[in-house]
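Reviewing the structure listed below.
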Amino acid sequence: MTKTVNTYCRICVATCGLNVTVDEETNAVLDIEPDRENPYTWRDFCRKGKTANEVATHPQRITTPMRRVGDRYVPATYEEATADIAARLNAIIERDGPDAVGSYNGNPMGFTFSITAWWTGLLDAIGTGNRFWVGSIDQNNAHVVAEHLYGNELVSLVPDIDHCGFFLFVGMDPATSKFNWMENNPSGWNRVLEKQRAGATVVVVDPRRSVSAETADQHLAVLPGGDWALLLSLVKVILEERLERPADNLPLTGLEDARRFVGEFDGEQLATLAGVEREVLADLARRFAAAPTAMCVTHTGVSMNEHGTIGEWLSHTLNLITGRIDNPGGRRFERGFVDIALVMKMFAPAAEHHTRLRGNPTIAGFHSIAELPDEITTAGKGQIRGFLMAFGNPVVSGPDGQALDDALQDLDLLVAIDLVQRESHRHADWLIPGTHWLEREDLHPLFANLQERPYVNYAEKAIDPPAGVKEEWEFFADLALAMDRNLFGKPGVNRIIRASRRLAKLTGRPKLAMNPEWVQRLMVRIGRRIRWKDIKAHPHGWIFGEPEYGDLAGILATDDKRVQLAPRAFLDATREAVAAPPVTGDEFPLLLTTKRIREAMNSWLNESDGLFRPERTNVLEMNGSDAAALGVRDGDLVRVRSATGKIELRARLSDVMRPGTVCAPHGWGSRIFDPAGTAPPRSYGTNRNLLVSNTRLDRFSQTPALNSTAVSVELATDRLPDRQVEVEGRSDDIRSSVRSVNA
Ligand SMILES: Nc1nc2c(c(=O)[nH]1)N[C@H]1C(S)=C(S)[C@@H](COP(=O)(O)OP(=O)(O)OC[C@H]3O[C@@H](n4cnc5c(=O)[nH]c(N)nc54)[C@H](O)[C@@H]3O)O[C@H]1N2
Ligand SMILES: Nc1nc2c(c(=O)[nH]1)N[C@H]1C(S)=C(S)[C@@H](COP(=O)(O)OP(=O)(O)OC[C@H]3O[C@@H](n4cnc5c(=O)[nH]c(N)nc54)[C@H](O)[C@@H]3O)O[C@H]1N2
Ligand code: SF4
Ligand SMILES: [Mo]
C-alpha cells in the first residue's frame with residue numbers, strides 16, 4: 001500500500017509544498033513531487049527537494065548514539081548516552097560554571113520550531129551564555145539594524161514583489177538561491193521576471209555577472225565589500241537633491257541628521273570605494289527615487305562583509321527616505337499569526353551576555369562563531385570545555401575552519417547531533433542521531449513573519465525515523481532531566497515532563513507527554529488570528545489573508561516609538577570605513593568573493609549522488625585578464641593564498657568576474673565519516689573558507705568578511721605538501737585532514 005503525504009520541503013526557505021509518496025509497509029519514500037495544489041509555494045521545486053530522501057537513507061547515517069572509543073565509535077543506547085553526557089556536563093558546570101558549556105546551532109535547525117524551542121530550553125537549563133549560531137555568519141547584521149532602527153531585533157521586512165515597478169537587488173542571486181533569506185518570496189524570481197516583461201526595471205549589484213545579473217536591465221559590478229559606499233552614494237544624491245519622500249504611515253527620526261551626514265562625503269571618493277562611476281550612481285539614485293514603486297533588497301552578498309551592517313542600514317535608509325517600507329511594492333512587515341512581542345520575550349535571552357575575551361554582546365541571543373576557537377583554547381574562568389553542536393558544520397561553513405577544528409579537538413567533551421558525521425563532528429566524543437525533516441511534523445509560527453502573503457502550512461511527517469531514533473527535541477528534554485536541571489530554566493518544568501510522560505504511557509497516548517505542540521498551540525491561540533483546527537484543515541497550505549501595509553508602526557519599540565534613521569554608531573562607523581586603508585595590497589592583490597550553488601545547501605547535499613558535481617562548481621572563477629597576467633589557463637590548478645590559509649582549485653576563466661576579483665563557491669570541503677570506522681571517509685572538494693580570517697569582522701555583528709578576502713593566485717606547479725587525496729584513512733593529523741583538496 002502506498003500513501004501520499006502533503007507536506008513541505010525544509011531544505012531552504014522556499015519551503016516548497018510537496019507530495020511525498022510512501023510505501024506504508026516498508027516506510028520507504030518512493031517519490032517526491034511538488035504539491036501542485038499548494039496555493040503558494042511549490043513552483044520553486046528543485047532537484048534538492050526531489051532527492052531529499054538520499055540523506056535520510058544515507059549509508060553513513062547515524063542511527064544510534066555512538067560513543068568514541070579511541071579513534072572509532074561504538075553504538076550505545078540513548079540511556080547510556082544521556083547519562084554519560086549529563087554527568088560530564090554537570091562536572092564541567094560544577095567545576096567551571098555554566099559558561100564552560102558552549103553550543104552551536106546551524107542553519108537547518110531554523111526550519112524546525114519544535115527543535116529550536118527545546119534547544120533553547122536545554123541551553124536555558126544549562127544556564128550558559130556561551131551560545132553560538134549560524135546567524136553570525138550570514139544574518140546578524142540584519143538583526144543589529146532592526147534593533148537600532150525599529151527597536152526589535154526580529155523585525156524582518158518582506159519584499160512585496162507583485163506591486164513593485166523597480167527592483168534594486170544588492171548582493172543576491174535569486175535565480176540561484178530562490179529569493180529567500182530572511183524572507184520567503186515563493187517563485188519570487190519568476191515573478192520579478194514577469195514584472196520585468198510588463199515594464200518593471202531590474203538592477204542587480206554584484207561583482208560577478210550572476211545568473212540574475214545576466215537577465216537584469218542593469219548590472220553594476222560593485223567592488224566586493226563596497227556596497228555600503230554604493231548605497232551611501234544613492235542616499236547622498238537623494239537627500240542633497242531633496243528627492244526624498246518618506247511615507248506618512250511610518251514616523252522617522254533623524255532625516256535632517258542624515259542629510260547633514262551625507263554632506264560630509266565626497267561623491268567621487270564614494271564612487272571609487274564602490275568601484276562604480278559616480279554618474280551611473282547618481283542616475284540610479286534619481287530613477288529609484290522617481291519610481292512610483294520600488295524596493296532595495298540586500299542579501300548575503302552585502303552582509304558577509306566587514307562593513308555589512310552599515311551596508312544593510314543604508315539599504316533600509318534608501319527605502320525609508322523614498323517611502324518604500326511597509327507600502328505597496330516595497331518591503332513590508334508581515335505580522336503572521338503570532339504575537340511578535342511575546343515571541344521576543346520567549347526567545348530573547350534572559351540576560352545580556354558578553355564574550356569573555358573580546359567582550360562582545362549577544363545578537364538575537366547568540367555570539368559569533370568567529371569568536372569560538374579562542375573561547376575554547378584560552379585558559380581562564382569561563383573557558384569552554386564542553387560543547388553541543390547541532391545541525392551545523394561551521395568548520396566548513398564558518399571562517400578559518402582550521403582554527404575551529406584545532407579548538408574542537410581541545411575540548412573535554414564534544415557532542416554532535418546530526419544525520420551524518422561531517423567535518424565539524426570529527427572530534428566528537430558522542431554522535432547523537434538526527435532526524436530528517438521527512439520524519440518530523442512541525443508548525444513554524446515564526447516562519448509566518450517571513451512570508452510575502454499571510455500563509456501557513458503544517459509540516460506533516462512522511463515517514464518514521466529509523467527504529468529507535470528520537471527526535472532531537474526529545475533528546476534535549478532527556479538530557480535536561482538527566483542533568484537534573486529544569487528545561488527552559490523554569491522551576492517545575494521537569495516535574496511536568498515526568499508526570500505527563502507517565503500519563504502518556506499509562507493511557508497509551510504519546511501526545512499527552514509534554515511536547516512542542518503544546519507551545520505551538522498556545523502561540524496560535526495567543527496570536528488570535530487563525531485557529532489550530534483551520535491550519536490542520538488545510539493540508540496543502542493556507543493563504544489566510546491578503547497583504548496588509550502599515551503594521552510596522554504599531555510594533556516600533558524604539559524609545560520615541562519612531563524609526564531611527566541615523567543611529568550615531570552607524571554614522572561613526574561609516575566615517576571610519578571611508579578612511580580605512582584598502583583590503584588588498586601587493587602580497588594579496590585580488591579580492592575573493594563567494595556564491596552558493598544550485599545543487600547544494602551550504603555544506604550539505606553535495607554528497608547526494610543525484611547532485612554531486614564538483615568539477616562544475618568547485619572551481620575558482622577568474623576574469624581572463626587577471627588570469628593572463630598570471631599565466632593561468634582555463635582548467636589549470638592554481639594555489640590561492642590569503643593571510644589565513646592556502647588551498648588549491650581549478651581555474652575557470654570567463655568574463656563574469658569583475659577584473660581584480662575571483663570567486664569560489666562555499667560549501668565544499670566537508671568529509672563524511674563512517675562512524676563504525678570500516679569505510680574510509682569520503683571527501684567532497686575544497687573548503688574555500690579556510691582562507692577567511694576570524695578576526696577581521698564587522699564590528700557590530702562580528703560577521704566575517706566571507707565575501708571580500710584579499711588573496712593571491714598562482715599556478716600550482718607543485719602540489720601542497722599536505723595535499724590530501726580523496727580517500728584516506730581516519731587520520732589524526734588535523735592539518736592534512738582539514739585541508740582537503742579536490743581530486
Ligand atoms: N564563504 C561562504 N561561507 C558561507 C556562506 C557563503 O555564502 N559563503 N553562506 C553562509 C550561510 S548563508 C549559512 S546559512 C551557513 C550554514 O552554516 P551551517 O548551518 O553551520 O552549516 P550547514 O552547511 O548548513 O550544515 C548543516 C548541518 O546540519 C545537518 N542537518 C541537516 N538537517 C538536519 C536535521 O534535520 N537534523 C540534524 N540533527 N542535522 C541536520 C547537515 O547534515 C549538516 O551537517 O554557511 C555560511 N557560510
Ligand atoms: N541552491 C541554494 N539555495 C540556497 C542556499 C544554498 O546553499 N543553495 N542557501 C540558502 C541560504 S542559507 C541563504 S542565507 C540564501 C542566501 O541567498 P543570497 O544571499 O541571495 O545568496 P547568493 O545566491 O549566494 O547570492 C549572493 C550574491 O552576492 C554576490 N556577492 C559576493 N560578494 C559580494 C559583494 O561584496 N557585494 C555584492 N553586492 N554582491 C556580492 C555573489 O556573487 C552572489 O551572486 O540562499 C538560500 N538558498
Ligand atoms: S530545496 Fe528546492 S524543493 Fe526544497 S524548498 Fe528549496 S527550492 Fe524548494
Ligand atoms: Mo544562510
Side-chain angles (χ1 to χ4, degrees), residues 141 145 148-149 168 170-171 203-207 218-246 252 254-290 294 296 298 301-303 305-322 564-585 589 591 593 658-661 696 698-700 705 707-708 710:
N141 37 36
V145 169
H148 277 77
L149 268 59
L168 173 56
V170 190
V203 182
V204 170
V205 178
D206 196 315
Q218 188 179 12
H219 168 214
L220 305 186
V222 68
L223 264 174
D227 304 282
W228 63 273
L230 184 146
L231 291 161
L232 182 56
S233 304
L234 305 184
V235 171
K236 179 177 163 74
V237 170
I238 291 170
L239 289 180
E240 289 183 342
E241 297 184 5
R242 298 200 173 257
L243 303 175
E244 80 270 9
R245 40 182 181 113
L252 300 182
L255 185 61
E256 291 314 314
D257 292 342
R259 203 187 317 274
R260 270 193 302 279
F261 172 70
V262 296
E264 293 176 24
F265 305 103
D266 171 38
E268 205 55 57
Q269 189 186 5
L270 293 182
T272 305
L273 289 167
V276 179
E277 296 90 70
R278 184 179 181 175
E279 263 324 301
V280 172
L281 295 176
D283 172 62
L284 175 60
R286 291 176 197 128
R287 285 187 293 139
F288 187 89
C296 172
T298 42
V302 175
S303 71
N305 276 308
E306 193 176 356
H307 305 299
T309 298
I310 53 176
E312 179 71 17
W313 161 57
L314 288 161
S315 116
H316 282 254
T317 307
L318 176 63
N319 282 319
L320 285 161
I321 60 175
T322 51
Q564 306 301 302
L565 208 49
R568 181 181 294 256
F570 295 168
L571 305 186
D572 290 342
T574 310
R575 292 181 183 109
E576 282 176 34
V578 171
V583 179
T584 47
L591 274 177
T593 73
R658 181 195 163 103
T661 68
R696 194 185 138 227
D698 178 272
R699 71 155 83 164
F700 298 102
N707 271 333
S708 48

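Please read these numbers as outputs of a predicted model, since none were measured by experiment.
Between R696 and V583, some side-chain heavy-atom pair lies under the 4.5 Å cut-off. In this structure the side chain of L230 never reaches within 4.5 angstrom of the side chain of L314, judged on heavy atoms. Counting heavy atoms from C-beta outward, T298 and D227 have side chains that stay 4.5 Å or more apart. Counting only heavy atoms from C-beta outward, the side chains of F288 and V237 never approach each other to under 4.5 Å. Put simply, the side chain of V222 does not reach to within 4.5 Å of the side chain of V170, judged on heavy atoms. Residues L231 and V205 have side chains not in contact (no heavy-atom distance under 4.5 Å, counting atoms from C-beta outward). Contact check for C296 versus N319: side-chain heavy atoms found under the 4.5 Å cut-off. Counting only heavy atoms from C-beta outward, the side chains of L255 and P246 approach each other to under 4.5 Å.
Taking CG of L232 as the reference point, atom CD1 of I310 lies at 8.0 Å (rounded to 0.5 Å). The line from CG of L223 to CZ of R658 is 4.0 Å long, rounded to the nearest 0.5 Å. Atom CZ in F261 sits 4.5 Å away from atom CG in L571 (nearest 0.5 Å). Here the CG atom belonging to D698 is positioned 5.5 Å from the CG atom belonging to N141, to the nearest 0.5 angstrom. Going from atom CG of L239 over to atom CD1 of I321 covers 4.0 Å, rounded to the nearest 0.5 Å.
Taking the six-membered ring for Trp and thresholds of 30 and 60 degrees, W228 and H307 have ring planes more than 60 degrees apart, a perpendicular arrangement. Ring geometry for F570 against H148 counts as tilted: the plane angle lies between 30° and 60°, on a 0 to 90° scale.
Within a 6.0 Å radius of CZ in R568, other residues, nucleotides and ligands contribute 12 heavy atoms or fewer.
Residues passing the side chain to side chain donor-acceptor pair (under 3.5 Å) test with S233, sequence neighbours excluded: none. Under the side chain to side chain donor-acceptor pair (under 3.5 Å) criterion, E256 pairs with R259, sequence neighbours left out.
W313 and T309 are not linked by any side-chain donor-acceptor pair at a separation below 3.5 angstrom, with hydrogens and angles left out of the test.
D206 and H219 get closest at one heavy-atom pair: O-NE2, 2.7 Å. Looking at every heavy atom in both residues, K236 comes nearest to V262 through NZ-O, 3.1 Å. Contact record, T661 with P207: OG1-O, 4.4 Å, taken as the closest heavy-atom pair. Residue L149 comes nearest to P567 through the heavy atom pair CD1-CG, 3.9 Å, listed as atom of the first residue, atom of the second, then distance. Scanning both residues, L243 and A289, for their nearest heavy atoms gives CB-CB, 4.0 Å. In terms of heavy atoms, N707 sits closest to T593 at O-CG2, 3.4 Å.
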Enumerate, atom names and distances included, each donor-acceptor pair closer than 3.5 Å involving a side-chain atom of residues 271-287, sequence neighbours excluded.
residue: T272; atom: OG1; partner: E268; partner atom: O; Å: 3.0
residue: D283; atom: OD2; partner: R287; partner atom: NE; Å: 3.2
residue: R286; atom: NE; partner: E241; partner atom: OE1; Å: 2.9
residue: R286; atom: NE; partner: E241; partner atom: OE2; Å: 3.4
residue: R286; atom: NH2; partner: E241; partner atom: OE2; Å: 2.8
residue: R287; atom: NH2; partner: Q218; partner atom: OE1; Å: 2.5

